[in-house]
Peer 1: 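First, the structure itself, so that you have it in front of you.
Lettering of chains follows the sequences in order, A, B, ..., and the numbering in each one begins at 1.
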Amino acid sequence: MKRKTQYIIIAVLLIGGISFYEIYLEDKEQQVVVDSGKTVKSNTNEFFLPTSTTGQIVHHNSYSLSYSEPHEQAEWVAYELKKEHLSNSNFKRPYFEIDPAVKTGAAHWRNYKKSGFDRGHLCPAADRAYNQNAYNETFLTSNISPQRHDFNSGIWNTLEQKVRYWADKYNGVYVITGGVLEDDLKTIGEEEVSVPNQFYKILIEYNSGKTKMIAFLIPHENSSFPLYEFVVSVDSIETLTGIDYFPELEDSLEDKLEASSDYKNWSFN
DNA sequence: CTGGGTATC
DNA sequence: GATACCCAG
């Protein structure tokens, strides 16, 4: 056999072997339903993690969160929505599970039953529909907040769809979202899950050339006003929540982006 | 898309 | 508790 032929055969075997190993790794990863809550996973860019006011940050495979035990919900959920995550998969909705990675004990979904409020996803199920495990992972009770149905299916749903539109248009966005957790909120259920009066969503986009940021603060009620009416500066949300959303960002850039409530760089078509 | 309620075993 | 089916914004 000629030496050249030998090289080709070795190369083919090598490439084949690597491919099978990748398939094996992928399969192995999919067996993990809920991880230990320690590792920062590939779908969460550690660089963009906000600070925690509660000291309890949990990392799942497809998103991270900071859990507030007093309010029995996350103060923020963060994840990267890549363009390739966008999917039309129509998975069956599983039951909500108590997040085992929340050491203080996440709320049971029974608190929401007959409460009159939706189990409103913070990281939307539709944003993690690229595989069944990622989709199922959004059905943890650490990823929901009590939401009025007209709000959830109305302007909040419209915003979530706009985020997917931007993820497609700008080749991915990074998302941070949650309710504004304050003292003396109305609560539901035996575990007294707080019902926020406002919800926020912050986006940063850095793939299309110039880093840009936008933030929304929406009262917990449906609205027929256009979304851009709810654009605020990140600074104003930080004042409300006490959370520093981009502590790792270079200071001068952070200061500039977070002070702005300008939305001219974001298409509202 | 966002969800809830009820019957059945 | 799980599954199937029907419903609405």
Peer 1: Reckon R148(A) touches a base, only the sugar-phosphate, or nothing at all at heavy-atom distances under 4.0 Å?
Peer 2: nothing
Peer 1: Indicate every side-chain donor-acceptor pair of residues 150-160 of chain A with a distance under 3.5 Å to a residue at least two apart or in another chain.
Peer 2:
unit_1  : atom_1 : unit_2  : atom_2 : d
D150(A) : OD1    : R148(A) : NE     : 3.0
D150(A) : OD2    : R148(A) : NH2    : 2.7
N152(A) : ND2    : D118(A) : OD2    : 3.1
S153(A) : OG     : H149(A) : O      : 2.7
W156(A) : NE1    : E160(A) : OE2    : 3.2
N157(A) : OD1    : Q161(A) : NE2    : 3.3
T158(A) : OG1    : G154(A) : O      : 3.0

Peer 1: Residues two or more places apart in sequence or in another chain: which of them pass side-chain contact (heavy atoms from CB on, under 4.5 Å) with D255(A)?
Peer 2: none
Peer 1: Would you grab the first and last nucleotide of DNA chain C (5' to 3') that comes under 4.0 Å of any non-hydrogen atom in chain A?
Peer 2: dG1(C) to dG9(C)
Peer 1: List the protein contact pattern of nucleotides 3-9 of chain B with one symbol per nucleotide (5' to 3'): B for base contact, S for sugar-phosphate-only contact, - for none; contact means a heavy-atom distance under 4.0 Å.
Peer 2: SS-S---
Peer 1: Clusters formed by hydrophobic residues whose side-chain heavy atoms approach within less than 4.5 Å: which one holds I144(A), and what are its other members?
Peer 2: F91(A), Y95(A), F96(A), W109(A), Y112(A), F117(A), Y135(A), F139(A), I188(A), V193(A), V195(A)
Peer 1: Which residues pass the side chain to side chain donor-acceptor pair (under 3.5 Å) test with E229(A), sequence neighbours left out?
Peer 2: none
Peer 1: So what does N88(A) hit on the nucleic acid, given a heavy-atom distance under 4.0 Å: a base, only sugar-phosphate, or nothing?
Peer 2: nothing
Peer 1: What's K92(A) touching, base or sugar-phosphate or nothing? Going by heavy atoms closer than 4.0 Å.
Peer 2: sugar-phosphate
Peer 1: Apply salt bridge (charged side-chain N to carboxylate O under 4.0 Å, His left out) to R119(A) and list each qualifying residue two or more places apart in sequence or on a separate chain.
Peer 2: none
Peer 1: Considering residues at least two apart in sequence or located in another chain, which fulfil the ring-ring contact (aromatic ring centres under 6.0 Å, His included) criterion with Y245(A)?
Peer 2: Y200(A)
Peer 1: Given a cutoff of under 4.5 Å between side-chain heavy atoms of I, L, V, M, F, W and Y, with clusters grown through shared members, what are the other residues clustered with L181(A)?
Peer 2: none
Peer 1: With the 4.5 Å side-chain cut-off for hydrophobic clustering, are Y165(A) and V231(A) part of the same group?
Peer 2: yes
